[in-house]
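Chain A is the first sequence line, chain B the second, and so forth, proteins listed ahead of strands; every chain is numbered from 1.
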Protein chains: 2
Amino acid sequence: MEPTDRKRPTIYDVAREAGVATSTVSRALTNPGRVNARTRDRVVEVAQQLGYRTNPLAQALPSGRTRTVALLVSDVTNPHFFGIIRGAEQQTRAAGCTLILADTEESPDLEAAHIERLSGSVDGFVIAASRMSDQQIGELTDRHRLTLISRQVTGVPSAIVDHEDGTRQIIEHLASLGHRSVVYAAGPRRSWLAAKRWHAIRAVTRKLGLSATRLGPFPPAVRGGAAAADAALGQGATAVIAHNDLLAIGMLRRFTDREVHVPRDISVVGYDDIFGADFCSPPLTTLAGQFDEAGRLAIDLLLGTRDGTRPPQADNQVVLPSHLVVRGSTGRAPS
Amino acid sequence: MEPTDRKRPTIYDVAREAGVATSTVSRALTNPGRVNARTRDRVVEVAQQLGYRTNPLAQALPSGRTRTVALLVSDVTNPHFFGIIRGAEQQTRAAGCTLILADTEESPDLEAAHIERLSGSVDGFVIAASRMSDQQIGELTDRHRLTLISRQVTGVPSAIVDHEDGTRQIIEHLASLGHRSVVYAAGPRRSWLAAKRWHAIRAVTRKLGLSATRLGPFPPAVRGGAAAADAALGQGATAVIAHNDLLAIGMLRRFTDREVHVPRDISVVGYDDIFGADFCSPPLTTLAGQFDEAGRLAIDLLLGTRDGTRPPQADNQVVLPSHLVVRGSTGRAPS
DNA sequence: CTGAAAGCGCTAACAT
DNA sequence: ATGTTAGCGCTTTCAG
């Protein structure tokens, strides 16, 4: 009976106890099949009874594989990212890896800084709603493994929720209620999504013979809603599409304050179907998508662990379906 | 001009280029002051121009310091943790460290599993709203560095928001509105907070001559609200204190469905002042606390980086102030 | 199939 | 103040 060592046992301890070389222990533990079944069993058993735990750092140093991935989000307190975070966390864990979460505070520089800092400690990056330019992202790709969420860049794997078809659903819904024009309360200037959404709105409205106006940009947060609401009112809008639910909720509040009745006087639509969209007043009509699935997919794409059940998309740019959830914030256009 | 090496430069490259030993480079970079100012400058400059980045893994292996901490939360999608997560993330970054986020899904076993898995890759753990028993936590403390949020265990550093004084504020508010009895819609059985809150409610109601009833436990989520609301109604309650805002919001919705008018027929109070508490219908009266500060403090306590401006508390058990935010969900007791 | 030995990039005594 | 020299715990050729 040896004295109970305070430190964790290493492969040396296991090797000695099992009467084999450390290399055999290493193989038995990480590469079974390349070692005799009997020896492997012995090693595993000894490791087990010694309470051996592999040291992830020591493992990562020679191999270069850290079994860790980083998820960068532009704002951890934005409920929009919940689904993404949870999905990514689950899938990372399922792959036996660890997730590092970093908040980039809507700043492309902070994004780059985080990547710089973490490179070397992680196997790859998932960037949600990146604020970097296509070029910056392109340069990063040949230096690091990375996948994108809610952003598409040629040659970079990504998972997004279908904004084009979704926008069509929104516009058709408004048109069916008799609205002849829509106003878009835009998100940040650097936001790829904001540009895409506006683009889609223009395309669909044109096709259906509606008119579209863009206002903003506004901060994609509840506090951005007041200015957006006022601007929309100033335009005499009958229907406004907010860049996201946060902004939409902020607008709802402002309308209430100004005694503008939604949806009697004006209809409001958001994007994302975040936590709260169903219990704000009135409940928000919004475009829902499976963001948790996007989080999972992004990890799969990064780790190369996608199961075969899904057909591989061209260029690994996955587009997830979206659907409009109609609630109380949209109604017939005022006559 | 050397060929542009594809791999990152190491201290060996820097040492060679600067004409010093690797140990000097190491010191110059991590322990300036223990090296001649001139040599240090040279080393730093060479490192800079070579684009040298220290490899965190290699640094962690011999030193044992990973400069990484893990934050365990019971549910990443619960807005209650936003502030905590953001605060912890900020403070971790400020200390030059990295934060790992793990979701424990309300399970004490998953908590333990995460700790087991991450031990060795992190310098310590911050556990928010731990579901583990005092004993389990106690055992962990002599194996790992750890601090607690929203939980107190003797001998373990922690940061909590004052629930006792907060509960007093809640009860006095209700009493001032003429309520003579309160119902507590309890959280999970394993929740330390749920026990504490009920304890505080009993103490304060007794002192003020009100009566108190406990219902539940209910899942601390919006979906738990229906059952809680029905139970409260069954008790003929005039005022109900929900375990947290999620549950309170769920109750609000159920009351609306059942055409029970809040606050005319029944008053509702929550805890935490989460995202959404101000725009649900009616807006929720709730106990607010600085959870981002709790997150920051927990990291400080863990890393030993607390600035001296705050007086050290006994046993490092910090209690943050709380205050009641009165909104539309509370009103005079029905007569 | 297994063992010996050389690192991975950095730190930390111990010398000088 | 700086250089020398062992490691940290694990992986991975390369032999056998």
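- Side-chain contact of Arg8(B) with Ser119(A): a donor-acceptor pair under 3.5 Å is present, judged by distance alone.
- The stretch residues 37-52 of chain B comes close to DNA chain D through Thr39(B), each having a heavy atom under 4.0 Å from the strand.
- From the 5' end on, the contacts that DNA chain C makes with chain B at under 4.0 Å to a non-hydrogen atom open and close at dG9(C) to dA13(C).
- As a whole-Å value, the separation of Asn55(A) CG from dG7(D) C1' is 14 Å.
- Not one side-chain nitrogen or oxygen of Ser23(A) sits closer than 4.0 Å to the OP1 or OP2 atom of dT12(D).
- Between the side chain of Tyr12(A) and the base of dC8(D), no donor-acceptor pair of N or O atoms lies under 3.5 Å.
- Atom pair Ile11(B):CD1 and dT2(D):C1' shows a separation of 14 Å (rounding to whole Å applied).
- For Arg8(A) and dG9(D), a side-chain-to-base donor-acceptor distance below 3.5 Å is absent, hydrogens and geometry of angles not being considered.
- Using a 4.0 Å heavy-atom criterion, one finds that Thr10(B) contacts the sugar-phosphate atoms exclusively.
- Side-chain contact check for Thr54(A) and Gln59(A): at least one donor-acceptor pair (N or O, by modelled atom type) lies under 3.5 Å.
- The backbone N or O of Ile84(B) sits nowhere less than 3.5 Å from a side-chain atom of Asp292(B) that would complete a donor-acceptor pair.
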**Request:** Please assess Arg151(A) against Ile160(A) for the test side-chain contact (heavy atoms from CB on, under 4.5 Å), listing each intermediate value before the final yes or no.
**Result:** CA-CA 6 Å; Arg151(A) 173 72 178 264; Ile160(A) 68 168; 5.6 Å; no
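- With no hydrogens or angles considered, a side-chain donor-acceptor pair links Thr77(B) and Asp75(B) at under 3.5 Å.
- With rounding to whole Å, Arg65(A) atom CZ is found 11 Å from dT11(D) atom P.
- Comparing Ser63(B) and Asn36(A) by the nucleotide of DNA chain C that holds the closest heavy atom to each, the one mapping nearer the 5' end is Asn36(A).
- In this structure, the CG atom of Asn31(B) is 13 Å from the P atom of dT2(D), given to the nearest Å.
- Summarising the geometry, the separation between CG on Leu61(B) and P on dG9(D) is reported as 7 Å, rounded to the nearest angstrom.
- Heavy atoms of Val20(B) sit under 4.0 angstrom from primed sugar atoms or phosphate atoms, though from no base atom.
- As a whole-Å value, the separation of Arg27(B) CZ from dG3(D) C1' is 8 Å.
- Residue Arg53(A) contributes atom CZ, which lies 12 Å from atom P of dC10(D) at whole-angstrom precision.
- A side-chain donor from one of Ser130(A) and Glu111(A) sits under 3.5 Å from a side-chain acceptor of the other.
- A donor-acceptor contact closer than 3.5 angstrom is absent between the side chains of Arg40(A) and Thr24(A).
- No donor-acceptor pair closer than 3.5 Å links the side chain of Ser121(A) to the backbone N or O of Pro56(B).
- Annotation: the span from Phe125(A) atom CZ to Ile137(A) atom CD1 amounts to 13.0 Å, rounded to 0.5 Å.
- Following rounding to the nearest Å, Asp13(A) (CG) and dG9(D) (C1') show an atom-to-atom distance of 11 Å.
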